[in-house]
Amino acid sequence: MEILKTPEEMRAWRRALPVSLGLTPTMGYLHEGHLSLVRRSLAENEASVASIFVNPTQFGPNEDFDRYPRDEEGDLRQLRELGVDAVYLPSVETMYPEGYQTYVTVEGLSQGLEGRSRPVHFRGVATVVTKLLIAVGPDRAYFGKKDAQQLRVIRRLARDLDLPTEIVGCDTVREEGGLAMSSRNAYLSREQRAAALVLSRALAEAEARFAEGVRSAEVLRVIVSGTVGAEPQGELDYVSVADSETLAEIEGDIEGVALLSLAARFGPVRLIDNVTLGEGA
Ligand code: PAF
């Protein structure tokens with residue numbers, strides 16, 4: 001497994017390997033959710049690269065960049081075991097050298113939901129993903145559906161900038177009990193982890209009501225906020241029922257496909273989760 005540390009090294013490796021290539025971008029501290037993306041990349045491409053880069057520009061000033069969990073050695077071991085061909089492992093100085101001043105902004109899609117609580121987040125994600133796609137030159141890139149808004153922002157930027165990479169969304173991997181896998185789950189105490197199961201439970205309740213015929217977006221929002229609100233350790237940030245493509249909040253009945261998403265804090269940890277309602281998930 002090659003370890004490539006600069007865009008020049010990455011590009012030279014890619015040029016020498018003219019086969020179909022999959023990329024799984026990560027911030028490391030790999031869990032089963034990441035590994036499922038890597039496995040899909042390995043299955044669908046002749047070669048696969050994973051990138052590990054904790055991207056400072058997608059963290060706000062009061063967020064957890066400094067204490068974001070890191071385990072480079074463990075990550076490289078897992079990627080080697082899976083059979084990844086190369087890991088792109090740039091430093092912060094390589095990605096954002098002195099004088100750096102170019103950012104990618106996806107305007108409408110970045111503004112609601114996560115964008116409201118994390119105003120610089122998607123500018124940082126869009127910028128780093130664009131840089132990764134340019135450096136690696138993959139045919140396909142793999143992202144989790146847990147980060148539903150991120151996936152839509154990345155699809156939009158790939159389309160708008162004519163990037164020749166197919167953006168592949170992969171199903172959320174859940175722990176036993178339903179908690180969506182996330183590197184930040186590592187910060188949860190045992191009690192907080194147990195309390196956080198309320199998120200997937202609340203989403204499942206709303207899904208069940210939708211399956212029974214409930215179409216009012218407001219009724220579904222109330223079901224989810226009631227269930228999460230009843231958990232004393234959880235502090236709900238938002239519940240949204242939005243058009244699955246545009247992420248515009250739905251005020252009346254759901255007619256097409258909707259994204260039901262939420263964010264909540266458990267102690268210091270902010271978690272997100274979502275389900276798709278209707279066809280075409
Ligand atoms: O989802 C993540 O881990 C990150 O946001 C990503 C896509 C690797 C960009 O830093």
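First listed ligand is number 1; within each ligand, the first listed atom is number 1. Hydrogens, waters and symmetry mates play no part in the numbers below; they use all other heavy atoms, side chains included. As the structure is a prediction and not an experimental result, all values here were calculated from the model.
Atoms CG and CD, from D85 and E2 in turn, are 9.5 Å apart once rounded to the nearest 0.5 Å.
Between the side chain of E205 and the backbone N or O of V224 there is no donor-acceptor pair closer than 3.5 Å. Looking only at distances, no side-chain donor or acceptor of E175 sits under 3.5 Å from a matching main-chain atom of M181.
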Between ligand 1 and the protein, find all N/O pairs closer than 3.5 Å and give the distance for each.
from: ligand 1; atom 1: 1 (O); to: Q150; atom 2: NE2; distance (Å): 2.9
from: ligand 1; atom 1: 5 (O); to: Q58; atom 2: NE2; distance (Å): 3.0
from: ligand 1; atom 1: 5 (O); to: Q150; atom 2: OE1; distance (Å): 2.7
from: ligand 1; atom 1: 10 (O); to: Q58; atom 2: OE1; distance (Å): 2.7

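For V222, the side-chain contact (heavy atoms from CB on, under 4.5 Å) test picks out E218, with sequence neighbours left out. Judged as a side-chain contact (heavy atoms from CB on, under 4.5 Å), and not counting sequence neighbours, the contacts of T26 are T24, L30, H34, I52.
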Donor-acceptor pairs under 3.5 angstrom involving side-chain atoms of residues 158-169: please list them, not counting sequence neighbours.
from: D160; atom 1: OD1; to: R156; atom 2: NE; distance (Å): 3.0
from: D160; atom 1: OD1; to: R156; atom 2: NH2; distance (Å): 2.8
from: D160; atom 1: OD2; to: R156; atom 2: NE; distance (Å): 3.2
from: T165; atom 1: OG1; to: P138; atom 2: O; distance (Å): 2.8
from: E166; atom 1: OE1; to: R140; atom 2: NE; distance (Å): 3.4

